[in-house]
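A quick write-up on the structure given underneath.
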Amino acid sequence: MDNNDLYVNARELQKQLAKKVIIKDDFDSEIEFVCGVDVSYKKNIAQCSAVIVKYNSLETVEVVTSKSNIESPYIPGLFILRESNPILLTLKLLKKPFQLLLIDGHGILHPRRCGLACYMGITLDIPTVGVAKSLLYGSVQENGFVKYNKEVLGYSIKRDEHLKKIIYVSTGHKVSLSTSIGVVRSITKIGEWIPEPLRIADIRSKDYDNKENDQFWSFTINDTTIRFL
DNA sequence: GCGACAG
DNA sequence: ATCTTGTCGC
């Protein structure tokens with residue numbers, strides 16, 4: 001199977017998964033901890049960090065990091081091919097529970113209504129929210145909502161009147177847009193524009209020299225992942 | 001055909 | 001995302 005087949009299959013998978021996305025609140029329990037994941041790249045290595053913060057205090061309670069080989073180029077709309085595996089590997093390292101996962105990318109605000117946040121939510125069967133720093137699809141309305149034609153797919157939160165400090169929030173899975181907006185707002189510190197767990201995950205994922213980040217390195221061959229602890 | 005395009 | 005100098009603004 002060549003790469004074009006892979007891309008065609010991935011796009012078809014997205015269309016199918018889009019039908020399974022639950023765009024309403026469906027939490028097992030009240031939100032007490034929120035997790036954020038982000039991936040950074042250096043040479044041929046992807047370093048991914050996941051951070052859990054306490055919802056009411058924003059205190060960081062756990063940080064885990066993994067290194068893995070980059071297995072896909074960046075293709076707009078097919079972010080799942082590049083980041084889903086590093087993220088899945090990293091989340092497995094977490095020992096503490098969380099009720100909501102924030103993803104660095106879009107949810108249903110996507111050409112096929114299935115961005116990385118939706119994919120992670122359906123794969124893990126947990127509530128997820130997409131938080132992106134730039135727009136991939138649709139257009140921003142005067143009221144802040146992002147639409148494609150008549151369809152409301154997300155919301156833009158403006159933290160800075162002058163600079164481009166705007167984030168785009170959309171449902172990943174098992175969470176409503178209004179809840180997503182509320183949570184993102186409440187876990188973004190004053191003066192910051194990125195919600196705390198994602199902000200910390202971004203910093204930690206870029207810190208390639210932090211010994212605390214050396215939890216494991218892995219690569220995948222024919223569907224088999226090799227991990228070096 | 002042309003432009004736009006999460007990180 | 002990453003590569004990168006000086007520079008604008010709080």
Side-chain angles (χ1 to χ4, degrees), chain A residues 3-4 7-8 10-11 13-15 17-18 21 36-51 65-91 101-123 128-140 146-149 153-173 177 180 184 189-195 197-209 213:
Chain A
N3 279 343
N4 283 327
Y7 302 152
V8 168
R11 293 189 180 101
L13 173 64
Q14 287 176 317
K15 291 177 190 171
L17 292 182
V21 172
V37 284
D38 189 28
V39 186
S40 292
Y41 302 90
K42 188 161 190 173
K43 289 291 185 69
N44 300 321
I45 299 300
Q47 177 157 291
C48 177
S49 294
V51 175
T65 300
S66 74
K67 291 178 170 68
S68 48
N69 278 347
I70 297 173
E71 48 188 283
S72 170
Y74 163 64
I75 301 168
L78 288 178
F79 212 28
I80 56 173
L81 297 178
R82 186 169 170 85
E83 300 212 331
S84 61
N85 281 343
I87 290 174
L88 287 170
L89 287 170
T90 308
L91 293 177
L101 177 63
L102 265 51
I103 295 292
D104 199 336
H106 292 293
I108 62 172
L109 183 43
H110 178 280
R112 290 170 292 281
R113 312 298 188 272
C114 185
L116 180 60
C118 299
Y119 181 85
M120 298 307 306
I122 293 174
T123 299
T128 60
V129 172
V131 179
K133 294 182 286 295
S134 64
L135 205 53
L136 167 69
Y137 186 74
S139 53
V140 181
V146 184
K147 285 184 172 182
Y148 185 82
N149 291 335
L153 298 175
Y155 186 79
S156 61
I157 298 180
K158 197 190 314 181
R159 287 281 166 184
D160 189 305
E161 288 295 335
H162 305 295
L163 302 179
K164 301 172 183 175
K165 306 268 183 172
I166 299 176
I167 57 175
Y168 303 90
V169 177
S170 62
T171 292
H173 190 46
L177 180 56
S180 300
V184 169
K189 287 188 172 179
I190 307 295
E192 300 292 343
W193 66 296
I194 302 295
L198 283 179
R199 192 179 72 82
I200 302 300
D202 177 65
I203 293 171
R204 290 297 299 264
S205 68
K206 287 175 177 168
D207 190 357
Y208 282 79
D209 295 324
N213 279 342

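The analysis underlying the following values was restricted to heavy atoms, covering all of them including side chains, and did not include hydrogens, waters or symmetry mates. Just so we're on the same page: letters track the sequence lines, and every chain starts at 1.
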Next on the checklist: Test of understanding: with salt bridge (Lys or Arg N to Asp or Glu O under 4.0 Å), list the residues that count as partners of A/K147, not counting sequence neighbours.
Outcome noted: none
Checklist entry - Tell me: CZ of A/F79 to C1' of B/dC5, nearest whole Å? => result 12 Å
Checklist entry - Want to know the stems of DNA chain C: at least 3 consecutive Watson-Crick or G-U pairs with distances under 3.5 Å, which are they? => result none
Checklist entry - Tell me: CG of A/L198 to C1' of B/dG7, nearest whole Å? => result 13 Å
Checklist outcome for this item: Across all chains, not counting sequence neighbours, the salt bridge (Lys or Arg N to Asp or Glu O under 4.0 Å) partners of A/R82 are none
Next on the checklist: A/V140: which residues meet the side-chain contact (heavy atoms from CB on, under 4.5 Å) condition with it, sequence neighbours left out?
Outcome noted: A/L135, A/V146, A/S156, A/Y168
Checklist outcome for this item: Here the distance between atom C1' of B/dA4 and atom NE2 of A/H106, to the nearest Å, is 13 Å
Checklist outcome for this item: To the nearest angstrom, the OH-P distance between A/Y137 and B/dG3 comes to 21 Å
Nucleotide N/O to protein N/O under 3.5 Å, stretch nucleotides 3-5 of chain C:
none

Next on the checklist: Suppose we screen for side chain to side chain donor-acceptor pair (under 3.5 Å). Which residues come up paired with A/T128, at least two apart in sequence or across chains?
Outcome noted: none
Checklist outcome for this item: Within residues 129-136 of chain A, those residues having any heavy atom closer than 4.0 Å to DNA chain B are A/A132, A/K133, A/S134, A/L135, A/L136
Checklist entry - Got a sec, which residues hit salt bridge (Lys or Arg N to Asp or Glu O under 4.0 Å) with A/K133, two or more places apart in sequence or on another chain? => result A/D104
Next on the checklist: Counting only heavy atoms from other residues, nucleotides and ligands, does the tally under 6.0 Å from OH of A/Y41 exceed 12?
Outcome noted: yes
Checklist entry - Who are the side chain to side chain donor-acceptor pair (under 3.5 Å) partners of A/N85, not counting sequence neighbours? => result A/E71
Checklist entry - How does DNA chain B look in dot-bracket notation if pairs are Watson-Crick or G-U with both distances under 3.5 Å, crossing ones as [ ], other-strand ones as |? => result .......
Next on the checklist: Can you list everything that forms a side chain to side chain donor-acceptor pair (under 3.5 Å) with A/S40? Sequence neighbours excluded, please.
Outcome noted: A/S205
Next on the checklist: Once salt bridge (Lys or Arg N to Asp or Glu O under 4.0 Å) is applied, do any residues pair with A/K15, and if so which ones, sequence neighbours excluded?
Outcome noted: none
